[in-house]
Amino acid sequence: MARKDKIFKSFLQHEIIVEKYEINENDIPDRVSEGLNSKHPIVKAIALIVDKTEDYNAPSDKALYSQITQFLNESAV
């Protein structure tokens with residue numbers, strides 16, 4: 001398992017995420033690539049953050065913030 005997959009999984013297993021979003025354990029993906037296709041916006045958002053921050057050409061914090069905000073606004077519609 002790649003480093004970013006371990007980071008991603010650790011976020012999703014955090015008690016706050018588990019309790020607040022009540023995501024079934026079967027719906028928690030093992031890999032960032034799977035999380036990017038998740039039906040749960042929080043899983044997809046976390047996958048996007050981990051994927052972008054662990055990338056060799058990581059965007060600036062401001063650019064990443066804009067991407068996440070845009071994604072969350074679109075998923076809320």
Side-chain angles (χ1 to χ4, degrees):
M1 185 178 283
R3 180 176 183 257
K4 69 180 175 180
D5 294 328
K6 290 178 183 177
I7 293 169
F8 172 65
K9 190 88 171 166
S10 71
F11 274 119
L12 292 178
Q13 292 173 335
H14 191 278
E15 65 186 50
I16 293 173
I17 300 295
V18 171
E19 290 175 15
K20 180 163 177 81
Y21 295 99
E22 299 176 349
I23 299 171
N24 186 340
E25 190 167 335
N26 296 332
D27 290 338
I28 296 176
D30 289 323
R31 301 183 191 286
V32 172
S33 58
E34 296 168 359
L36 292 170
N37 297 317
S38 176
K39 64 181 180 181
H40 300 284
I42 189 65
V43 172
K44 194 169 181 177
I46 292 171
L48 187 59
I49 292 167
V50 172
D51 188 50
K52 296 295 182 180
T53 56
E54 288 294 304
D55 193 10
Y56 291 110
N57 297 321
S60 69
D61 289 346
K62 186 175 181 177
L64 182 57
Y65 176 82
S66 293
Q67 288 176 345
I68 297 301
T69 302
Q70 179 180 358
F71 164 73
L72 291 174
N73 286 335
E74 290 171 1
S75 68
V77 173

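The model shown is predicted, which means the values in this text are computed figures rather than measured ones.
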Please enumerate all residues that pass salt bridge (Lys or Arg N to Asp or Glu O under 4.0 Å) together with Asp27, with sequence neighbours excluded. none

Measuring from [X]:[atom1] to [Y]:[atom2], what's the distance to the nearest 0.5 Å?
X: Leu48; Y: Ile68; atom1: CG; atom2: CD1; result: 3.5 Å
X: Leu72; Y: Gln70; atom1: CG; atom2: CD; result: 10.5 Å
X: Phe71; Y: Ile49; atom1: CZ; atom2: CD1; result: 10.0 Å
X: Ile28; Y: Tyr21; atom1: CD1; atom2: OH; result: 13.5 Å

Test log, rule side-chain contact (heavy atoms from CB on, under 4.5 Å), inputs Ile7 and Thr53: CA-CA 11 Å; Ile7 293 169; Thr53 56; over 6 Å; no

Any sub-3.5 Å donor-acceptor pair from His14's side-chain atoms to Ile16's backbone N or O? yes

Using the test side chain to side chain contact (heavy atoms under 4.5 Å, CB included), find all partners of [X] that sit at least two apart in sequence or belong to another chain.
X: Ser66; value: none
X: Ala63; value: Pro59, Ser60
X: Glu34; value: Pro29, Asp30, Arg31

Considering all heavy atoms, the nearest Ile46-Phe11 contact: CG2-CB, 3.8 Å

All heavy atoms of Leu12 vs all of Ile17, minimum pair found to be O-CG2, 4.0 Å

With Gln13, which residues qualify under side-chain hydrogen bond (donor to acceptor under 3.5 Å, both in side chains), at least two apart? none

May I ask you to check whether over 12 heavy atoms, not counting those of Asn24, lie within 6.0 Å of atom CG? yes

Can you pull out every salt bridge (charged side-chain N to carboxylate O under 4.0 Å, His left out) where at least one residue sits in residues 35-52? Sequence neighbours excluded, please. Lys4-Asp51

